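Structure, as structure tokens:
Per chain, numbering begins at 1; letters A, B, ... match sequence-line order. Hydrogens, waters and symmetry mates are skipped; everything else that's a heavy atom, side chains included, is used. Since we're looking at a predicted model, the values are computed, not measured.
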There are 2 protein chains.
Amino acid sequence: MDSAAPMTTPATVEEFRERLAELSDSLPKRLRQCADYIAANTDRIAVSTVAELAAGADVPPSALMRFCQMMGFSGFSEMQKLFREAYSPGWPDYSTRLKNLKETGAGSPAALLAEFVEAGRLSLEALAKTADEGSLAQAVAVLAAAETVHVVGFRRAYPVASYLTYVFEKMSVPSMQHDGVGKLDHRFALRTGDALVAITFAPYSEETLALAADARARGLPVVAVTDHLTSPLARHANAILTVPEVDFGAFRSLSATIALALSLAVAVGTARGEG
Amino acid sequence: MDSAAPMTTPATVEEFRERLAELSDSLPKRLRQCADYIAANTDRIAVSTVAELAAGADVPPSALMRFCQMMGFSGFSEMQKLFREAYSPGWPDYSTRLKNLKETGAGSPAALLAEFVEAGRLSLEALAKTADEGSLAQAVAVLAAAETVHVVGFRRAYPVASYLTYVFEKMSVPSMQHDGVGKLDHRFALRTGDALVAITFAPYSEETLALAADARARGLPVVAVTDHLTSPLARHANAILTVPEVDFGAFRSLSATIALALSLAVAVGTARGEG
DNA sequence: AACAAAATGGAATAAAAATTCCAAAACGAG
DNA sequence: CTCGTTTTGGAATTTTTATTCCATTTTGTT
């Protein structure tokens, strides 16, 4: 055990992180789990016991001990000492911190960030309150039954469409994004047995509406992700998912929309996997 | 010992301070010392032992124990627990909860949505708590001074990159997304006076790292948006923005990342408009 | 498939910390 | 000054926590 890395003890949090980065590529499974969990929860080391951290990382305590030693400490206590000394609590009050951020200057980047964080949080809460389980279940059913899932969304809906496609791919759901690159129109790709997810918000995108109408005309099921039940997209849709997104200035946080898209994709992927 | 104050246990840091204020007038010498020291070092309770605090207050450990009991706790451990938990509410760990939920088979789309909403909300709160105003201001300064802002991000960072580019465009900031369409490499497009925003999370994308390294080698400023200060992207960056995002399996909510990107874009747009 | 090396989990042990208890000291009232 | 009461310090005890060790499993190699 004296072969590999220099066995100097990290003396600062900075050094600790460096060592962690060095190691984490060359670690076996359990120790890797430790490394990942510790990397994500570094701030809890100071106030936790071996048993608690081990439980969090889902490893036995002895694995965590070994991890501490790989990091160059004599044991957990020595490692914890480093963090206890460096500990200065950024007190947990989220709302206080938010207020501070806003007040540090009306136009400052930090103040903007605070506003967008707040907008995102409100959007998510609104989504949780208003989401219609029935429509969601229906949308999942429709997409789970489809051969290929087509996804369309432009402008601010575009990031959502691309993330949705990405997650579908990750979950082995055959999917295709209609992104209009090169002004190409891929509507021929819509085949019997497929389904379409169309995403658009006011001001509604012509291309998206057109593709949805086309799909509907051919008898393919359409899932609409939009802002209101009265959206022009609604008339073409079999299932309508509305997202209450709170704007700040001219810009949407997209938080709620992404959360909805993600749920949809994972639910569909799971349903297919089981079916 | 049943005479004096109400024997309810303080449940919040707030209540703790109230009780402390009530008591400190009516305490004998040694206990008063405890009260004073604790009042001045409340934040050390979470990370200290009885012996350490007692030494700090210059009293024997047993005096400190008595003090804890006067405060309405069963002992020191119970008191410490309050401060350890207050440091980060939402314990036990969120990812453990998700795992449990997944295993208990409550995989309905609505339950899934609730979890993603919660993940997004936590991510946003964490972002508000940990965001570094300095780095953010620096990133804005760098980008505001650039001719053209280049943006790169693949896989799950891709939606963020595309939204960032979209908002830049809306705000009349010359920008260009490197999206690798057609396996084209647009690195020649990086010109003196430009700047790059590189976005990647573990597992880090080769292409993004390569482009960042290239830009840096040519002396262009690079703003990194990543998950951790130890990210391989960090070594190529002039300003590092870290985003604490809560994962569900392989999928990020992206809420925090989008909020950060949005703030960045709007702040840069505003700064340029004024300049 | 058989072997050696590495990794792992859990029970056993050691160390450290919290908590209790009581004899001695300080205090206050008469 | 004296007696009863409160407060105090520290040693003894209990509980919790860290750490080690080794039998078993897993992994990688030939």
Find the distance Met70(A):CE to dA7(C):C1' and express it as a whole number of Å. 11 Å
According to a strict under-4.0 Å criterion, is Gln69(B) in side-chain N/O contact with OP1 or OP2 of dT20(C)? yes
Would you say Arg156(B)'s side chain and Val167(A)'s backbone share a donor-acceptor pair under 3.5 angstrom? no
Side-chain (Glu15(B)) to main-chain (Ala11(B)) donor-acceptor, under 3.5 angstrom: yes
Rounded off to whole Å, could you give me the NZ-to-P distance for the Lys81(A) and dA15(C) pair? 18 Å
If you check every side-chain atom of Ser62(A), which of dG10(C), dT8(C), dT8(D) has the closest atom? dG10(C)
Which of these nucleotides, dT8(D), dA7(C), dG9(C), is closest to any side-chain atom of Pro28(A)? dA7(C)
Would you mind reading off the distance between Arg66(A) atom CZ and dT26(D) atom P, rounded to a whole angstrom? 15 Å
Output a table of nitrogen or oxygen pairs between the protein and nucleotides 16-18 of chain C separated by less than 3.5 Å.
residue, atom, partner, partner atom, Å
dA18(C), OP1, Val50(B), N, 3.2
dA18(C), OP2, Val50(B), N, 2.7
dA18(C), O3', Ser77(B), OG, 3.0

For Phe83(B) and Phe16(B): C-alpha separation, side-chain torsions, deciding distance, then whether ring-ring contact (aromatic ring centres under 6.0 Å, His included) applies. CA-CA 10 Å; Phe83(B) 288 91; Phe16(B) 176 88; 4.9 Å; yes
From CE of Met79(A) over to P of dT19(D), roughly how many Å is that when rounded to an integer? 10 Å
I'd like to know if the side chain of Gln33(A) reaches the main chain of Val59(A), judged simply by a donor and an acceptor atom lying under 3.5 Å from each other, with no hydrogens or angles considered. no
Please give the angle, rounded to 10 degrees, between the axes at the start and the end of the helix from dA1(C)-dT30(D) to dG30(C)-dC1(D), where five pairs define each axis. 30°
Please check if the side chain of Thr226(B) supplies one atom and the backbone of Thr200(B) the other of a donor-acceptor pair under 3.5 Å. yes
If you measure only the distance, is there a donor-acceptor pair under 3.5 Å linking the side chains of Glu207(B) and Ser205(B)? yes
Checking the side chain of Gln177(A) only, and the main-chain atoms of His150(A) only, is there a donor and an acceptor separated by less than 3.5 Å? no
Value in whole Å for how far the P atom of dT19(C) lies from CE of Met71(B): 15 Å
In this structure, how many angstroms lie between the P atom of dT19(C) and the CZ atom of Phe67(B), rounded? 14 Å
Nucleotide dG10(C), atom C1' - distance to CG of Leu64(A) in whole Å: 15 Å
Is the backbone of Ser135(B) close enough, under 3.5 Å, to the side chain of Asp132(B) for a donor and an acceptor to pair up by distance? yes
Residues forming a salt bridge (Lys or Arg N to Asp or Glu O under 4.0 Å) with Glu125(A), sequence neighbours excluded: Arg121(A)
Grab the CD1-C1' distance between Ile45(A) and dA18(D) for me, whole Å please. 16 Å
